[in-house]
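Since the structure comes first, as structure tokens, the remarks are kept for the end.
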Amino acid sequence: MTARVARIRRHPIKAIGGEDLPRTRLHAARRLPGDRLWALLTEGGERHAGAVPQRWLPKSCFLRGAASAGLQAVRGGWGEGAEGGRIRLTHPDLPDLDFDPEAEGPRLVEWVRPLWPQDKPAPTRLVRGPTGWTDVSQPWISILSLSSLADLEGRLGKPLGIERWRGNLWLEGWAPYAERELIGHVLTLGGVELRVTETIGRCPATSADPTTGRIDIDMPEALEAQFGHRDFGIYAEVVTGGDIALGDEVRA
């Protein structure tokens, strides 16, 4: 079973923005480079973090799309270059933001305040993760199928797009939902090897339209109604690292 890499995406700040890449280098037992490198702590998360967080922290410590649909409409990152330097973000209801995450974190805190509910623990500061603030503590990457997305859009009668899922690799060429049968299998992209670990359970963040930042469907319930579960996509661990690029063949 073969497919090809159609999109490569990283999200420099957890739940805030995202961007496409033409290529990247994967490293064994590591997350996709630059993905969820930063995150905005909340008042509730501060008691777990310490002055400089030295370990992975659960998503409940941070601003996240499940608590604020408006965050889903943020776009942007570093651009196509290497990670580091200034980050540029846009949102349909806010002025554009260009800032240095190393030195100007408070500017991001103020920028997102209008998007964050007042009854939730307030954002406090931007923190860099020891390895990355992905939703799971394991150093996995997320893989999704364009065929599965097209089938789901047909079932639900509406376009959904890729941004709401916040995946790392989008593949084209598999039959719809074929990825669900690959748990435990090894995928190869040239010399790169990825071991599929488990399916991805979906939270309410996927209910928001990433264009407007407004709820347009109850996605977990829609998945449950269609399939009897709330999974969409798979996680994989990098076993053998190397360079990957758009158009690369993926063998299962």
Side-chain angles (χ1 to χ4, degrees), residues 7-21 24-42 44-45 48-50 52-68 71-89 91 97 99-102 105 108-109 111-112 115-116 123-144 162-170 194 197-198 200-206 208 210 232-238 241 244:
R7 305 283 289 271
I8 303 171
R9 288 186 63 80
R10 69 182 175 194
H11 311 85
I13 306 170
K14 184 179 182 67
I16 301 173
E19 60 187 358
D20 279 278
L21 296 172
T24 192
R25 170 165 288 192
L26 300 180
H27 302 274
R30 299 287 297 273
R31 296 169 173 83
L32 188 134
D35 193 51
R36 279 84 165 182
L37 185 63
W38 297 91
L40 274 178
L41 271 173
T42 67
H48 302 289
V52 180
Q54 299 294 324
R55 61 183 178 86
W56 178 86
L57 296 171
K59 61 185 179 181
S60 59
C61 292
F62 305 106
L63 266 66
R64 59 198 190 279
S68 171
L71 293 177
Q72 290 290 85
V74 180
R75 304 287 181 90
W78 289 297
E80 290 189 357
E83 64 187 76
R86 301 185 72 81
I87 290 176
R88 297 165 182 81
L89 301 176
H91 187 278
L97 177 68
F99 76 108
D100 180 354
E102 296 282 358
L108 177 63
V109 172
W111 190 76
V112 301
L115 305 178
W116 190 245
T124 56
R125 58 189 170 115
L126 185 64
V127 292
R128 182 168 180 155
T131 58
W133 301 119
T134 52
D135 284 355
V136 292
S137 59
Q138 298 89 342
W140 296 342
I141 64 173
S142 54
I143 301 175
L144 294 95
I162 69 163
E163 286 84 2
R164 77 173 68 212
W165 308 99
R166 302 185 68 77
N168 295 138
L169 303 183
W170 283 88
L194 308 172
T197 55
E198 62 183 50
I200 303 174
R202 291 301 175 174
C203 74
T206 55
F232 191 76
I234 53 178
Y235 284 121
E237 179 182 14
V238 181
I244 64 170

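The analysis underlying the following values was restricted to heavy atoms, covering all of them including side chains, and did not include hydrogens, waters or symmetry mates. Source: prediction; values computed, not measured. Start at 1 with the first residue, then count along the sequence.
- Summarising the geometry of P130 relative to P53, their closest heavy-atom pair is CD-O, 4.1 Å, with the distance given to 0.1 Å.
- Across all non-hydrogen atoms, the minimal contact from A67 to W116 is CB-CH2, 3.5 Å.
- Listed for the S68 side chain is no donor-acceptor partner under 3.5 Å among the backbone atoms of G65.
- At a threshold of 4.5 Å between non-hydrogen side-chain atoms, the residues Y235 and Q138 do not count as touching.
- Atom OG1 in T131 sits 10.0 Å away from atom CH2 in W56 (nearest 0.5 Å).
- In this structure, E237 and W140 approach most closely via the heavy-atom pair CB-CD1, 3.7 Å.
- The aromatic rings of H91 and W111 sit perpendicular to each other, their planes meeting at more than 60°, with 30° as the lower class boundary.
- For W133 (side chain) and L40 (main-chain N/O), no donor-acceptor pair under 3.5 Å exists by modelled atom type.
- With rounding to the nearest 0.5 angstrom, the CD1 atom of I162 is 3.0 Å from the CZ atom of R7.
- Looking at R202, its side chain does come within 3.5 Å of a backbone N or O of W165 through a donor-acceptor pair.
- Proximity of a side-chain donor or acceptor of E83 to a complementary backbone N or O of P12 within less than 3.5 Å is not detected.
- Within the 4.5 Å cutoff, no side-chain heavy atoms of C203 are placed close to those of R64.
- Shortest non-hydrogen contact noted between L194 and A236 is CB-CB, 4.1 Å.
- Note that the CZ atom of R25 and the CZ atom of R30 stand 13.0 Å from one another [nearest 0.5 Å].
- For the atom pair CD1 (I244) and CG (L26), the distance works out to 4.0 Å, reported to the nearest 0.5 Å.
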- Message: Let's go through I87 and L108 carefully: what are the C-alpha distance in whole Å and the side-chain angles of both, what is the deciding distance for side-chain contact (heavy atoms from CB on, under 4.5 Å) to 0.1 Å, and is it a yes or a no?
- Response: CA-CA 10 Å; I87 290 176; L108 177 63; over 6 Å; no
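- To the nearest 0.5 Å, the span separating CG on L63 from OG1 on T124 amounts to 9.0 Å.
- When the options V127, T42, I13, I16 are evaluated for a side-chain contact (heavy atoms from CB on, under 4.5 Å) with F62, the one that passes is V127.
- Test R31, H11, K14, R166 against T134 for side-chain hydrogen bond (donor to acceptor under 3.5 Å, both in side chains) and you get one pass: R31.
- Between L32 and I8, some side-chain heavy-atom pair lies under the 4.5 Å cut-off.
- A salt bridge links R9 with D20; the closest basic N to acidic carboxylate O contact falls under 4.0 Å.
- Considering only heavy atoms from C-beta on, Q72 comes within 4.5 Å of R164 through its side chain.
- Across all non-hydrogen atoms, the minimal contact from R75 to P210 is NH2-O, 3.6 Å.
- For L41 against A49, the heavy-atom pair with the smallest separation is CD1-CB, 3.6 Å.
- From I234, atom CD1 reaches atom CD1 of I200 across 7.5 Å, with rounding to the nearest 0.5 Å.
- You'll find the side chain of N168 reaches within 4.5 Å of the side chain of R36, heavy atoms only.
- Taking 4.5 Å as the limit, every side-chain heavy atom of V74 sits out of range of all side-chain heavy atoms of V112.
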